[in-house]
> 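What follows is a single structure, and I will ask about it in a moment.
Chain letters run A, B, ... following the sequence lines, proteins first, then strands; residues in each count from 1.
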Amino acid sequence: MSWDAGDIAEQLADRLRDAISCAFPGHTAPAALRPSAKPEFGDFQASFAMALGKTLGRNPREVAAETLACAHLEDLVEKAEIAGPGFVNLTLTLSALTRALAEHDSPTLGVPSCSAQTHPVAIDLCGVNVAKQMHVGHLRATIIGDTLARVHERLGFKVFRQNHLGDWGLPIAMTLTALRRDATDLDTITLEDLNRAYRNAQAQGAADEAGLAAAVSMGCGPHRIAELTEQNEGAAQTIADAKRTLVALQSGDAAAVADWKRLIECTMREVYQVAHTLNVALSDDNNRGESFYRDELAGVVDEFQSKGVAREDAGAIVVPFPDRERPLLIRKGDGGFLYATTDLAAVRYRVQSLGSARVIYVVDARQRDHFRDVFEAVRLIGWDMLPDGTRAQLVHLPFGAVLGKDKRPLKTRSGENFTLKALLDEAIERGRREVHARAAAPDAPTHSLDPKALDAIGQAVGIAAVKYADMSSDVTRDYVFDLDRMVSFEGDTGPYIQYAHARIASMMTKYSQGAGATKEQSQSLIHPIEPSERLLALALLRYGAALETSARELQPARVCAYLFDLANLFNAFYQACPVLKCPDESVRESRLRLAALTRRTIADGLTVLGIEAPERM
RNA sequence: GCCCCGGUAGCUCAGUUGGACAGAGCAGCGGCCUUCUAAGCCGCAGGUCGGUGGUUCGAGUCCACCCCGGGGCGCCA
């Protein structure tokens, strides 16, 4: 049940289901209960009668009426109406709503927690490459993965964050070879230098045999052919050198390994800096790079062969599929392994060693086919089977590309790829500018803050804008990165949610400094009498369901949409209902507690998204 | 050529797996600050849901075909 509003909705759905089997013996059907689309349809609407009417060959309205006649809802429901083609619209009694809210107002905020025996979850995230600058693609793999980890953790799962670093193989060896040849100081090198060395090494190693063959066959001049031949020979030499370095690394050559580690450290320093800026939990504990699996690759291939799942094909080892032409290549003709081999080892580790029943890959959508093949191969060999017989769910979350306003992949004015760092710096700058500008007003709540405090708030706002914009729509789709739109800070944005939170926080501060100073936190019951209070209260009860849906669908957007809805409803309530200035004390106390609950829910939800919730802004 | 993903308001997107007249946010227009933060609230306007057939009491949602855009396609990762 994804659209439950906490226990109360579950109770209603259960009772309707009982009533259905009572009214129509031999028939069972879910209540199909969900929050009403409009206030005039009550608090909840159930649409079981249409589907049931169809199977029974009966008029849905009659089915609804007979079901209601059997239903025991008196203690919860004030009004049950049949409307339209056969919808059942339910309105809760005020006392049932008050009771539900009192129960909901606990540290868990109604979020269910799975049992301690539940299998852990492994999430492949970040996926940076050593010696390469982070770009916008890493933004997505990092923050989406982190948020899914947080959602699962919030629901009580043990989560293994797995950073599948590109830290092994020929490209790294080529870079390392070049750096050592040039006697570069690896202790002081920056990632920018490293990245340049990486690109140069790649260029040096890029042979163009096809171009040479074409030049010969097209009868190009001897000078051109000589030039191309020389290039090819240089490239071959570069690759031969790199292979020697790789062998040295593989065999544990102390100097080579020490240098290799320095490359990783240099890269990770910047990765952690960016992760910190993004409020993403990532550390060395999460590093399970390609090198982690390097000694398992031969065994992986052996097992595939010995179990008859893989076979030789034109000198290479492949895993054929029953329903597909193209097999999965797991060992090259020259004996080398491929990234598919590493991924197979990684799945085995995550399921068999970590015991995960759910392995989530937050990786770029272009790798759809690759993961489909890898997962299929894992199922063929049975590595997705846990010791207790459950089959692990292997799932690739294929996030879309980040595009510029021109719908082309994001580039700087000079046509280069945006580094993630540059992008975040820009967002932070915009956030700070905005916060400082607003603080200049004498009556602004932030007016008295010092510049450093304002900078911190500005950073939180700018980062919220970027993260929220990235995660607030279906992550499998491409999206247009438009900083101007993100930092407008109006409407469906991260800062809008933060703003609602800050408004409540500021109200609470005023309360505790003023009339309420002598009182404990309000514990009076919540009586949502005004329409806007009722809508806000009902939304609060849906928090747990929103997180469950987000985890099930692997969609951070469900959390975003929930928070936007909640912030909207709060702002409407705030406009319509005086809280501190409400003359009636019991109403005031009720509203204060409603506002306090809203603040905690927004803060909790923002934490799940890894977005800060400033007290003032 | 084959496979995958998209096409919903001027722009950016939702649409709860077939249910009430297709919803938001920007942008546009009109109201609301001597009252708890106007990064806000209230209202107006704006759509042949890419097209054509089909299934159904009911289709943006399911099926078929077609059009447009993007991505992928064995010894790179």
> Would you measure the distance from the C1' atom in B:rG15 across to the matching atom in B:rG60 and give it in whole Å?
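The answer is 8 Å between these two C1' atoms.
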> Provide the Watson-Crick or G-U wobble partner of B:rU17, both distances under 3.5 Å; none if there is no partner.
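No nucleotide pairs with B:rU17.
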> Does a side chain donor of either A:R599 or A:H501 reach within less than 3.5 Å of an acceptor in the other side chain?
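Checked: A:R599/A:H501 side chains pair up, N/O donor to acceptor below 3.5 Å.
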> NA contact type, A:G166, heavy-atom cut-off 4.0 Å: base, sugar-phosphate, or nothing?
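Touches nothing.
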> Under 5.5 Å centre to centre and under 30° between planes: does that hold for A:F87 and the six-membered base ring of B:rG19?
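The ring of A:F87 is not stacked on B:rG19.
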> Among B:rG72, B:rU37, B:rC13, which is the nearest nucleotide to the side chain of A:P445?
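That would be B:rU37.
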> From the list B:rA39, B:rG19, B:rC13, which nucleotide is the closest neighbour of the side chain of A:M50?
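Looking only at side-chain atoms, A:M50 lies closest to B:rG19.
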> What is the nucleic acid contact for A:F564, judged by heavy atoms within less than 4.0 Å: base, sugar-phosphate only, or nothing?
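If one applies the 4.0 Å heavy-atom cut-off, A:F564 turns out to touch the sugar-phosphate alone, with no base involved.
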> Measure from the side chain of A:V480, starting at C-beta and using heavy atoms only, and say which of B:rU37, B:rC13, B:rA39 lies closest.
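My answer, after comparing the listed nucleotides, is B:rC13.
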> Go nucleotide by nucleotide along RNA chain B from the 5' end; which of A:G333 and A:D369 gets its closest nucleotide reached first?
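Of the two residues, A:D369 wins.
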> Would you kindly give the NZ-to-C1' distance between A:K243 and B:rC75, to the nearest whole Å?
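Taking NZ of A:K243 and C1' of B:rC75, I get 12 Å after rounding.
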> Tell me whether the OP1 or OP2 atom of B:rA14 has a side-chain N or O from A:R477 closer than 4.0 Å.
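Yes, such a contact exists.
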> Among B:rG74, B:rA20, B:rG70, which nucleotide has an atom closest to any side-chain atom of A:Q45?
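The listed nucleotide nearest to A:Q45's side chain is B:rA20.
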> Rounding to the closest angstrom, what is the interatomic distance between B:rC4 and B:rC66 at atom P?
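These two P atoms come out 14 Å apart once rounded.
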> Could you tell me whether A:S47 contacts a base, only the sugar-phosphate backbone, or nothing, with contacts defined as non-hydrogen atoms closer than 4.0 Å?
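Answer is nothing: A:S47 stays at 4.0 Å or more from every strand.
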> Using a 4.0 Å heavy-atom cut-off, does A:D478 contact any base of the nucleic acid, only the sugar-phosphate backbone, or nothing at all?
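Result for A:D478 = sugar-phosphate.
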> Mapping A:A46 and A:R438 to their closest nucleotides on RNA chain B, which lands nearer the 5' end?
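It is A:A46, whose closest nucleotide lies nearer the 5' terminus.
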> May I ask you to evaluate whether A:S488 reaches the phosphate of B:rC26, defined as a side-chain N or O under 4.0 Å from OP1 or OP2?
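Checking B:rC26 against A:S488, no side-chain N or O comes under 4.0 Å of OP1 or OP2.
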> Below the 4.0 Å mark, does B:rA14 have OP1 or OP2 next to a side-chain nitrogen or oxygen of A:Y562?
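For A:Y562, the contact criterion (side-chain N or O under 4.0 Å from OP1 or OP2 of B:rA14) is not met.
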> Could you check if a side-chain atom of A:L536 sits within less than 4.5 angstrom of a side-chain atom of A:F570, using non-hydrogen atoms only?
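A side-chain contact exists here, since the closest heavy-atom pair is under 4.5 Å.
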> Is the A:F489 to A:Y496 ring centre distance short of 6.0 Å?
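Distance test on ring centres: not under 6.0 Å, no.
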> From the set B:rC73, B:rC41, B:rC36, return the single nucleotide nearest to any side-chain atom of A:R326.
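Given the options B:rC73, B:rC41, B:rC36, the side chain of A:R326 is closest to B:rC73.
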> Rounded to the nearest angstrom, tell me the gap between atom NZ in A:K581 and atom P in B:rC36.
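Result: 4 Å.
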> If we take the C1' atom in both B:rA27 and B:rC44, what is their distance in whole Å?
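Going atom to atom, C1' in each nucleotide, I get 15 Å.
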> May I ask which nucleotide in the shown strands pairs with B:rC73, Watson-Crick or G-U wobble, both distances under 3.5 Å?
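The base-pairing partner of B:rC73, which may sit in any strand shown, is B:rG1.
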> How far, in whole Å, is B:rG46 from B:rA22 if one measures between their P atoms?
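About 14 Å, rounded to a whole number of Å.
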> Once salt bridge (charged side-chain N to carboxylate O under 4.0 Å, His left out) is applied, do any residues pair with A:D482, and if so which ones, sequence neighbours excluded?
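A:D482: salt bridge (charged side-chain N to carboxylate O under 4.0 Å, His left out) contacts with A:K405.
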> Considering every strand and a 4.0 Å limit on heavy-atom distances, what is the contact class for A:P85: base, sugar-phosphate, or nothing?
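The residue A:P85 makes no contact with any strand.
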> How long is the line joining OH of A:Y468 and P of B:rU12, in whole Å?
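Taking atom P of B:rU12 as the reference, OH of A:Y468 is at 18 Å.
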> Checking one value: the base orientation of B:rU17, syn if chi is within 90 degrees of 0, otherwise anti.
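That one's syn.
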> So what does A:C560 hit on the nucleic acid, given a heavy-atom distance under 4.0 Å: a base, only sugar-phosphate, or nothing?
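Counting heavy atoms under 4.0 Å across all strands, no contact is made by A:C560.
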> Under 4.0 Å, heavy atoms only, any strand: does A:A595 hit a base, just the sugar-phosphate, or nothing?
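Since no nucleic acid heavy atom lies under 4.0 Å of A:A595, the category is nothing.
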> Between B:rG58 and B:rC13, how far apart are the two C1' atoms, rounded to whole Å?
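That atom pair is separated by 27 Å.
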> What integer number of Å spans the P atoms of B:rU16 and B:rG30?
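Pairwise P distance, B:rU16 against B:rG30, rounds to 36 Å.
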> Taking donor-acceptor contacts at under 3.5 Å, does the side chain of A:N89 reach the base of B:rA20?
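Indeed, a donor on one side and an acceptor on the other fall under 3.5 Å apart.
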> Whether A:R430 contacts B:rA39 is assessed here as follows: a side-chain N or O lying under 4.0 Å from the phosphate OP1 or OP2. Is that the case?
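No.
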> Roughly how many Å apart are B:rC65 and B:rC26, using the P atom of each and rounding to a whole number?
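To the nearest whole Å, 41 Å.
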> Picking from B:rU12, B:rC41, B:rA39, which would you name as closest to the side chain of A:Y496?
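Of all the options, the side chain of A:Y496 is nearest to B:rC41.
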> Using a 3.5 Å distance criterion without hydrogens, assess whether the side chain of A:Q204 forms a donor-acceptor pair with backbone atoms of A:A201.
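Flag not set: sc A:Q204 to bb A:A201 has no pair under 3.5 Å.
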> Does A:N568 have a side-chain nitrogen or oxygen under 4.0 Å from the phosphate oxygens OP1 or OP2 of B:rC41?
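Yes, because at least one side-chain N or O of A:N568 sits under 4.0 Å from OP1 or OP2 of B:rC41.
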> Name the closest nucleotide to the A:L580 side chain, picking from B:rC36, B:rA39, B:rG70.
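Looking only at heavy atoms from C-beta outward on A:L580, the closest nucleotide is B:rC36.
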> Could you tell me the separation between the CZ atom of A:F371 and the P atom of B:rC5, rounded to a whole number of Å?
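Spelled out: CZ on A:F371 to P on B:rC5 is 17 Å.
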> With heavy atoms under 4.0 Å as the rule, sort A:D443 into base, sugar-phosphate or nothing.
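Nothing, no nucleic acid heavy atom in range.
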> Hey, do the aromatic rings of A:Y361 and A:H164 have their centres closer than 6.0 Å?
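Between A:Y361 and A:H164, the centre distance exceeds or equals 6.0 Å.
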> Would you mind pulling out the nucleotide paired to B:rG6, Watson-Crick or G-U wobble, both distances under 3.5 Å?
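When the pairing criteria are applied, B:rC68 turns out to be the nucleotide that pairs with B:rG6.
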> When both hydrogen-bonding distances must be under 3.5 Å and the geometry is Watson-Crick or G-U wobble, what is B:rG60 paired with, if anything?
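Checking every strand shown, B:rG60 finds no partner, since no pair has both distances under 3.5 Å.
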> Taking A:Q305's backbone N and O only, do any of them form a donor-acceptor pair with A:R311's side chain (distance below 3.5 Å, no angle check)?
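The answer is no, because no donor-acceptor pair under 3.5 Å joins these two groups.
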> Suppose you measure atom P in B:rA59 against the same atom in B:rG53; what distance do you get, rounded to whole Å?
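It works out to 14 Å between them.
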> Select one nucleotide: of B:rC36, B:rC75, B:rA38, the one nearest the side-chain heavy atoms of A:L338.
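The answer is B:rC75, which lies nearest to the side chain.
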> Examine the base of B:rG58 for any acceptor or donor lying under 3.5 Å from a partner atom in the side chain of A:K54, and report the outcome as yes or no.
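Indeed there is one.
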> When you check the phosphate oxygens OP1 and OP2 of B:rU16, does a side-chain N or O of A:R552 lie under 4.0 Å from one of them?
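The answer is no; no side-chain N or O of A:R552 sits under 4.0 Å from OP1 or OP2.
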> Base of B:rC26 relative to its sugar, syn (within 90° of 0) or anti?
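Anti.
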> Using 30° and 60° as the class limits, which term best fits the ring planes of A:W260 and A:W168: parallel, tilted or perpendicular?
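Rings of A:W260 and A:W168: perpendicular, over 60°.
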> List in chain and number order the residues that pass salt bridge (charged side-chain N to carboxylate O under 4.0 Å, His left out) with A:E296, two or more places apart in sequence or in another chain; answer none if no residue qualifies.
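With sequence neighbours excluded, A:E296 shows a salt bridge (charged side-chain N to carboxylate O under 4.0 Å, His left out) to A:R348, given in chain and number order.
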> When you get a sec, tell me which of B:rU37, B:rC41, B:rG58 is the closest nucleotide to the side chain of A:Q575?
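Nearest to the side-chain atoms of A:Q575, counting from C-beta on, is B:rC41.
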> Just to be sure I understand the rule, does A:A561 reach a base, reach only the sugar-phosphate, or reach nothing, if contact means heavy atoms closer than 4.0 Å?
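Touches nothing.
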> Any side-chain heavy-atom pair from A:S36 and A:D43 closer than 4.5 angstrom?
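A:S36 does not reach A:D43 side chain to side chain.
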> Mind checking A:R324 for me? I need base, sugar-phosphate or nothing, with any heavy atom below 4.0 Å counting as a touch.
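No contact at all - A:R324 keeps every heavy atom at 4.0 Å or more from the nucleic acid.
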> Round to a whole Å and report the spacing from NZ of A:K132 to C1' of B:rA77.
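Rounded to whole Å, this separation is 8 Å.
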> OP1 or OP2 of B:rU37 sitting under 4.0 Å from any side-chain N/O of A:Y574?
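For B:rU37, OP1 or OP2 has a side-chain N or O of A:Y574 closer than 4.0 Å.
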> Just name whichever nucleotide pairs with B:rC36, Watson-Crick or G-U, keeping both distances under 3.5 Å, else none.
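Across all strands, not a single nucleotide pairs with B:rC36.
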> Where the side chain of A:Y499 is concerned, which of B:rU17, B:rC57, B:rA38 is the nearest nucleotide?
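For the A:Y499 side chain, the nearest candidate turns out to be B:rA38.
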